[in-house]
Amino acid sequence: MPLAMIGGTAAATGYVAVVDPNQPGHYPVCPFLRITGWWCPGCGGLRAVHALTRGDLAGALHDNALGVAFCAALLGGLVLWASHEVRGLPRPQPRLGRTGTLALLAVVLAFTVLRNLPTGAFLAP
């Protein structure tokens, strides 16, 4: 199962690496951005992944710093899961708990609001 997840993630990442999200017409516009005019927490995520596939960490962080952190967590989780599977250990069970979930939601909300304010323009894609 972890190999299937890694394969699916690699295929999706490969597609974003080849089909540049910086070129208009390849991907739909974010519905939240279209309706509100605000950048959502995911806006710039495809551009960030595209930049990461090119080795451009600074560009990826500019496009979506939260997305880069999510990619790192996803990669770490997949590697941990695969290593457990290979060694015959039980699958890791990540648990945030109530406090962790609320903290994560607060970070996403703060990121969303800040990137839409003039003082947080550096976080906008």
Side-chain angles (χ1 to χ4, degrees):
M1 188 62 158
L3 291 178
M5 291 294 292
I6 291 170
T9 303
T13 302
Y15 181 81
V16 174
V18 173
V19 182
D20 188 354
N22 295 300
Q23 302 298 319
H26 294 293
Y27 300 96
V29 175
C30 171
F32 184 81
L33 175 63
R34 179 169 284 183
I35 293 168
T36 66
W38 275 41
W39 303 108
C40 81
C43 282
L46 290 175
R47 289 187 292 266
V49 170
H50 183 76
L52 286 172
T53 64
R54 304 268 182 278
D56 182 9
L57 181 59
L61 288 169
H62 173 268
D63 290 330
N64 191 323
L66 192 60
V68 172
F70 175 77
C71 287
L74 177 65
L75 181 62
L78 287 173
V79 168
L80 181 65
W81 185 16
S83 71
H84 275 72
E85 188 75 22
V86 167
R87 296 182 303 181
L89 298 173
R91 181 172 30 140
Q93 300 292 323
R95 293 197 173 99
L96 286 177
R98 184 169 192 238
T99 304
T101 301
L102 291 174
L104 182 60
L105 288 173
V107 167
V108 170
L109 181 63
F111 176 76
T112 303
V113 171
L114 184 59
R115 75 189 319 212
N116 286 287
L117 297 174
T119 55
F122 65 95
L123 292 173

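These numbers come from a predicted model, not from an experiment. Only this structure's heavy atoms are used, side chains among them; waters, hydrogens and symmetry mates stay out.
Heavy-atom neighbours of Phe32 CZ from other residues, nucleotides or ligands within 6.0 Å: above the threshold of 12. In the displayed structure, Arg91 atom CZ is contacted under 6.0 Å by at most 12 heavy atoms of other residues, nucleotides or ligands.
At distances below 3.5 Å, not a single donor-acceptor pair connects side-chain atoms of His62 with backbone N or O atoms of Ala58. In this structure, the side chain of His50 engages the main chain of Val16 through a donor-acceptor pair within 3.5 Å. Judged by distance alone, the side chain of Arg115 and the main-chain N or O of Cys40 form a donor-acceptor pair under 3.5 Å. Judged purely by atom type and a 3.5 angstrom limit, Asp63 has no side-chain atom pairing as donor or acceptor with the backbone of Gly44.
Under the 4.5 Å side-chain contact rule for hydrophobic residues, Phe70 and Val68 do not share a cluster. Both Leu109 and Leu117 sit in one connected hydrophobic cluster of ILVMFWY residues. Membership requires side-chain heavy atoms under 4.5 Å apart, directly or through other members. Residues Met5 and Leu74 are members of one and the same hydrophobic cluster, defined by side-chain heavy-atom contacts under 4.5 angstrom among Ile, Leu, Val, Met, Phe, Trp and Tyr. Residues Phe111 and Leu105 do not share a hydrophobic cluster, defined by chaining ILVMFWY side chains whose heavy atoms lie under 4.5 Å apart. Both Val19 and Val49 sit in one connected hydrophobic cluster of ILVMFWY residues. Membership requires side-chain heavy atoms under 4.5 Å apart, directly or through other members.
Here CD1 of Ile6 is found 11.5 Å from OG1 of Thr13. Values are rounded to the nearest 0.5 Å. Atom-to-atom distance recorded for Leu46:CG and Tyr15:OH is 10.0 Å, nearest 0.5 angstrom. Note that CG of Leu3 is 9.5 Å distant from CH2 of Trp81, once rounded to the nearest 0.5 Å.
Contact detail for Pro41 and Asn64: the closest heavy-atom pair is O-ND2, 2.8 Å. Ala51 approaches Gly59 most closely through the heavy-atom pair CB-C, 4.1 Å. Residues Trp38 and Val113 come closest through the heavy atom pair CZ3-CA, 4.2 Å.
Looking at heavy atoms from C-beta onward, Asn22 lies in side-chain contact with Arg47 at the 4.5 angstrom threshold. In this structure, the side chains of Leu66 and Val107 come closer than 4.5 Å at one or more pairs of heavy atoms.
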